[in-house]
Number of protein chains: 2
Amino acid sequence: MVETHKLTKNQKLVVEALKSAEGPLSAYAILEELRPHGVKAPLQVYRALDKLMELKLIHKVESMSAYVACVQPDCHTHKTVGFAICSSCNGVQELPENVVSLHLDNWAQETGFVRSGIALEVRGTCKTCRENEAAEACC
Amino acid sequence: MVETHKLTKNQKLVVEALKSAEGPLSAYAILEELRPHGVKAPLQVYRALDKLMELKLIHKVESMSAYVACVQPDCHTHKTVGFAICSSCNGVQELPENVVSLHLDNWAQETGFVRSGIALEVRGTCKTCRENEAAEACC
DNA sequence: GAACCAATGTAATAATATAACAAGTCAAGA
DNA sequence: TCTTGACTTGTTATATTATTACATTGGTTC
């Protein structure tokens with residue numbers, strides 16, 4: 001279990017905002033949401049985000065400049081992290097660790113590159129949006 | 001062969017700047033480099049970048065907000081693209097297509113997610129930097 | 001308490017990216 | 001040739017994302 005009780009006030013606020021969000025939030029979206037709770041400046045959010053990423057409680061979706069709470073139960077132990085992002089609804093699904101790593105290990109060994117982390121962002125259209133688009137087109 | 005002769009003036013300038021660069025360049029770094037050639041505004045660069053990405057002649061390294069010319073000979077046919085980024089020197093190596101795709105296909109089929117593109121950014125330390133660090137530490 | 005370290009608050013600014021609109025270019029067809 | 005329309009361009013202004021710098025607070029250790 002993660003020791004969430006050690007988090008500071010701002011860190012708790014930020015991680016809770018992300019957990020209760022539908023999808024990824026930008027730093028400034030988080031700021032707006034937390035203004036009523038006394039968070040006033042971008043830096044307060046960014047500092048909390050940095051620490052939370054260090055603790056592997058959240059992730060940054062690089063291609064969106066946005067942040068998500070990790071949904072996988074033992075995510076803080078992951079070395080491999082990926083997302084599937086729907087270009088239509090901006091929804092994000094986490095990719096299980098096993099979809100990626102294997103081949104990379106070989107490549108890393110061959111080239112002498114030592115991995116510390118990975119960002120995998122798959123773009124596409126999710127099932128729901130695809131079905132909606134099909135429904136609109138058919139009639 | 002790619003039809004580079006169809007590129008507009010700004011597009012040619014931008015792609016050439018990226019090709020002759022050591023590593024990834026930010027949009028504003030490109031702008032500074034091209035000022036002597038009459039490029040004056042960020043939008044001129046961003047528009048060229050957009051088109052070049054559409055043509056698959058260059059790629060964006062999301063986690064650096066920077067852009068690189070594709071080095072793989074048939075890169076414009078790739079659906080899968082990845083980079084290994086050294087956290088020490090910021091150098092970027094392109095990952096061959098075959099290191100990633102397999103497992104993703106299964107996952108995509110299971111979840112009904114239709115892929116259109118992929119951004120894979122592996123963080124770590126490259127061989128050269130690792131050796132340099134080792135040399136510094138040993139004595 | 002004094003010294004210290006980490007977290008905080010605040011203001012200012014840097015870096016990255018887009019919106020809005022006017023104007024120029026060029027090929028296809030009347 | 002003229003004109004229409006799609007596309008590219010130039011320019012200004014502005015939005016969005018992220019960091020620097022510095023003063024302050026709050027607890028921990030000696």
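Please read these numbers as outputs of a predicted model, since none were measured by experiment. Order of the sequence lines fixes the chain letters, A, B, ..., with proteins taken first and strands second; residue numbering starts at 1 for each chain. Excluded from the calculations below are hydrogen atoms, water molecules and symmetry mates; all remaining heavy atoms, backbone and side chain alike, are included.
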Quiz: residues 28-36 of chain A side-chain donor-acceptor pairs under 3.5 angstrom, not counting sequence neighbours:
{"unit_1": "A:Glu32", "atom_1": "OE1", "unit_2": "A:Arg35", "atom_2": "NE", "d": "3.3"}
{"unit_1": "A:Glu32", "atom_1": "OE2", "unit_2": "A:Arg35", "atom_2": "NE", "d": "3.2"}
{"unit_1": "A:Glu32", "atom_1": "OE2", "unit_2": "A:Arg35", "atom_2": "NH2", "d": "3.4"}
{"unit_1": "A:Arg35", "atom_1": "NH1", "unit_2": "A:Lys40", "atom_2": "O", "d": "3.2"}

Separation of D:dA18 atom C1' from A:Leu49 atom CG, nearest Å, is 11 Å

Residues two or more places apart in sequence or in another chain: which of them pass side-chain contact (heavy atoms from CB on, under 4.5 Å) with [X]?
X: A:Arg47; answer: A:Leu43
X: B:Ala27; answer: B:Val45, B:Tyr46, B:Leu49, B:Tyr67
X: B:Asp50; answer: B:Met53
X: A:Ser65; answer: none

For the student: nearest non-hydrogen atoms of B:Phe83 and B:His59, plus distance: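 So the minimum-distance heavy-atom pair works out to CZ-CB, 3.5 Å.
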
Closest contact, heavy atoms only, A:Arg130 versus B:Gly112: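 Shortest heavy-atom contact: NH2-O, 2.7 Å.
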
Among residues at least two apart in sequence or on other chains, which ones pass salt bridge (charged side-chain N to carboxylate O under 4.0 Å, His left out) with A:Glu54? A:Lys51

List in numerical order all residues of residues 85-92 of chain A for which some heavy atom is under 4.0 Å away from an atom belonging to DNA chain D.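 When residues 85-92 of chain A is checked for heavy atoms under 4.0 Å from DNA chain D, there are no hits whatsoever.
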
State which residues pass ring-ring contact (aromatic ring centres under 6.0 Å, His included) with B:Phe113; sequence neighbours excluded, sorted by chain then number. B:Trp107

Given the rule that a pair is Watson-Crick or G-U wobble with both distances under 3.5 Å, how would you write DNA chain C in dot-bracket, using | for pairs to a different strand? ||||||||||||||||||||||||||||||

Using a heavy-atom distance cut-off of less than 4.0 Å, which residues of residues 23-33 of chain B contact DNA chain C?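 The answer is B:Ser26, B:Tyr28.
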
Could you pull out the protein-nucleic contacts involving nucleotides 5-12 of chain D (nitrogen or oxygen on both sides, under 3.5 Å)?
{"unit_1": "D:dT9", "atom_1": "OP1", "unit_2": "B:Thr8", "atom_2": "OG1", "d": "3.0"}
{"unit_1": "D:dG10", "atom_1": "OP2", "unit_2": "B:Asn10", "atom_2": "ND2", "d": "2.9"}
{"unit_1": "D:dG10", "atom_1": "OP2", "unit_2": "B:Gln44", "atom_2": "NE2", "d": "2.5"}
{"unit_1": "D:dG10", "atom_1": "N7", "unit_2": "B:Arg47", "atom_2": "NH2", "d": "2.4"}
{"unit_1": "D:dG10", "atom_1": "O6", "unit_2": "B:Arg47", "atom_2": "NH1", "d": "3.2"}
{"unit_1": "D:dG10", "atom_1": "O6", "unit_2": "B:Arg47", "atom_2": "NH2", "d": "3.3"}

Hey, are the side chains of A:Cys126 and A:Cys89 touching, using non-hydrogen atoms and a 4.5 Å cut-off?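 Side chain of A:Cys126 against side chain of A:Cys89, heavy atoms only: contact under 4.5 Å found.
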
Distance (rounded to the nearest 0.5 Å) between A:Ser116 OG and B:Arg123 CZ: 8.0 Å

Would A:Val92 end up clustered with B:Val114 when hydrophobic side chains under 4.5 Å apart are linked, directly or stepwise?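 Hydrophobic grouping puts A:Val92 apart from B:Val114.
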
Chain A reaches DNA chain C, atoms under 4.0 Å from its heavy atoms, from C:dA7 to C:dT10

